[in-house]
Amino acid sequence: MVARALRFFRADVTYYSRSHKPEIEAEGIAYLPLDELLQKNICVCTCLNKFVTLLHQEEFEKLGNHKILFNTGLTPACDLDALRTWLSHGDNYYFCDSLMALGDESLKEVENVSCYGGYSGGSYQAIERLTEKSLANLDQFLAK
């Protein structure tokens, strides 16, 4: 659905993964090798598992300048020193939703960084469900 919405705005949507995803390609989203994706796109979104570092200095050099990087993962998807160097160019932007995704709270002071400071799934209902699940796990453990 997101791909259709982006194509409505004439966005050319591509993706990188360690393996091809036929279900994504069926939606008209083209696979690109990482280097090519970084060079071609103005806006890059990382959606990685915890503690996966994909972008190092070499990848930021390929990404280049006048770009936007979004991180929707739980932890940084990049080497923080390489990110700082890339951001120092002045016309690159980094967005994330949590301090964990930011990786270093001092980055919040960088003008071209935007970090909400919350976290994904942080609704009151999600917190309540997580609390109930934790209490149920404790009850089950103590019943043994």
Side-chain angles (χ1 to χ4, degrees), residues 1-138 140-141:
M1 184 161 106
V2 171
R4 275 186 250 127
L6 290 169
R7 282 197 304 274
F8 174 81
F9 291 107
R10 300 190 195 283
D12 183 15
V13 182
T14 58
Y15 80 98
Y16 165 76
S17 178
R18 289 188 167 94
S19 61
H20 285 268
K21 308 287 185 203
E23 65 279 8
I24 292 174
E25 292 173 19
E27 292 185 36
I29 300 174
Y31 171 87
L32 288 178
L34 181 59
D35 291 351
E36 191 176 334
L37 182 135
L38 294 171
Q39 291 170 357
K40 178 182 180 187
N41 291 285
I42 295 168
C43 179
V44 174
C45 300
T46 56
C47 315
L48 300 172
N49 294 330
K50 255 176 142 174
F51 309 118
V52 174
T53 304
L54 180 67
L55 305 175
H56 300 275
Q57 189 63 41
E58 180 181 342
E59 286 78 21
F60 277 108
E61 288 171 6
K62 290 184 173 138
L63 180 59
N65 296 311
H66 315 291
K67 303 285 182 92
I68 301 169
L69 177 61
F70 286 91
N71 178 24
T72 62
L74 295 175
T75 57
C78 58
D79 173 87
L80 295 180
D81 289 334
L83 175 64
R84 281 186 188 87
T85 300
W86 180 75
L87 288 168
S88 71
H89 188 268
D91 64 351
N92 297 315
Y93 296 88
Y94 181 69
F95 295 88
C96 64
D97 64 353
S98 73
L99 294 176
M100 277 182 59
L102 187 60
D104 181 348
E105 200 165 336
S106 71
L107 283 167
K108 283 183 75 169
E109 305 307 316
V110 177
E111 184 178 359
N112 43 346
V113 171
S114 180
C115 177
Y116 168 68
Y119 50 91
S120 300
S123 69
Y124 290 114
Q125 294 86 358
I127 293 168
E128 188 175 313
R129 285 192 301 269
L130 181 58
T131 301
E132 289 171 0
K133 183 177 179 180
S134 296
L135 290 172
N137 286 341
L138 282 171
Q140 183 180 6
F141 176 79

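Small disclaimer: the values here were computed from a predicted structure and weren't measured.
- Side-chain contact check for Gln57 versus Asp79: every heavy-atom pair is 4.5 Å or farther apart.
- Using modelled atom types and a 3.5 Å distance limit, the side chains of Asn65 and His89 yield a donor-acceptor pair.
- Expressed to the nearest 0.5 Å, how far CE of Met100 lies from CG of Asn71 amounts to 10.5 Å.
- Residue-environment remark: CD (Glu23) exceeds the threshold of 12 foreign heavy atoms within 6.0 Å.
- Annotation: side chain of Val13 is not in contact with side chain of Glu27 (no heavy-atom distance under 4.5 Å).
- Side-chain contact check for Asn137 versus Gln140: some heavy-atom pair is nearer than 4.5 Å.
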Quiz item: When you look at Leu83 and Phe60, which way does the side-chain contact (heavy atoms from CB on, under 4.5 Å) test go after all the steps?
Solution: CA-CA 7 Å; Leu83 175 64; Phe60 277 108; 4.0 Å; yes

Quiz prompt | side-chain contact (heavy atoms from CB on, under 4.5 Å) evaluation trace for Leu63 with Trp86 | solution = CA-CA 9 Å; Leu63 180 59; Trp86 180 75; 3.5 Å; yes

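- Counting only heavy atoms from C-beta outward, the side chains of Asp104 and Leu99 never approach each other to under 4.5 Å.
- Across all their heavy atoms, Pro76 and Gly103 have their closest contact at CG-CA, 3.4 Å.
- Here Leu80 contributes atom CG and Thr53 contributes atom OG1; the two are 8.0 Å apart, rounded to the nearest 0.5 Å.
- Ser98 and Ala101 make their closest contact through OG-N, 3.0 Å (heavy atoms, listed as atom of the first residue, atom of the second, distance).
- In this structure, Cys115 SG and Asp97 CG are separated by 7.0 Å, a value rounded to the nearest 0.5 Å.
- Between Glu58 and Lys62, at least one side-chain nitrogen of the basic residue sits less than 4.0 Å from a carboxylate oxygen of the acidic one, meeting the salt-bridge criterion.
- Here the CG-NZ distance, from Asp35 to Lys40, works out to 14.5 Å after rounding to the nearest 0.5 Å.
- No hydrogens or angles considered: a donor-acceptor pair under 3.5 Å links the side chains of Glu25 and Tyr15.
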Exercise. Apply side-chain contact (heavy atoms from CB on, under 4.5 Å) to Cys45 and Thr72, showing your working.
Key: CA-CA 7 Å; Cys45 300; Thr72 62; 5.6 Å; no

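- Side-chain contact between Phe70 and Cys43 is present, with at least one heavy-atom pair separated by less than 4.5 Å.
- In this structure a side-chain-to-backbone donor-acceptor pair under 3.5 Å is missing from Ser114 to Phe95.
- Counting non-hydrogen atoms of other residues, nucleotides and ligands closer than 6.0 Å to CG of Asn49 gives a total of 12 or fewer.
- A side-chain donor-acceptor contact under 3.5 Å links Asn112 to the backbone of Leu87.
- Heavy atoms of other residues, nucleotides or ligands lying less than 6.0 angstrom from CD1 of Ile42 number 12 at most.
- Put simply, the side chain of Asn92 does not reach to within 4.5 Å of the side chain of Leu69, judged on heavy atoms.
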Quiz item: Step by step, would you call Val113 with Leu102 a side-chain contact (heavy atoms from CB on, under 4.5 Å)?
Solution: CA-CA 9 Å; Val113 171; Leu102 187 60; 3.8 Å; yes

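- When only modelled atom types and interatomic distance are considered, Asn41 and Thr14 share a side-chain donor-acceptor pair under 3.5 Å.
- Proximity of a side-chain donor or acceptor of Lys67 to a complementary backbone N or O of Val44 within less than 3.5 Å is not detected.
- Within the 4.5 Å cutoff, side-chain heavy atoms of Thr46 are placed close to those of Leu55.
- Side-chain contact of Lys108 with Ser106: a donor-acceptor pair under 3.5 Å is absent, judged by distance alone.
- One N or O on the side chain of Glu59 and one on the backbone of His56 form a donor-acceptor pair closer than 3.5 Å.
- Between the CG atom of Leu37 and the OG atom of Ser17 there is a distance of 11.5 Å, given to the nearest 0.5 Å.
- Between atom SG of residue Cys47 and atom CG of residue Leu74 there is a gap of 11.0 Å, rounded to the nearest 0.5 Å.
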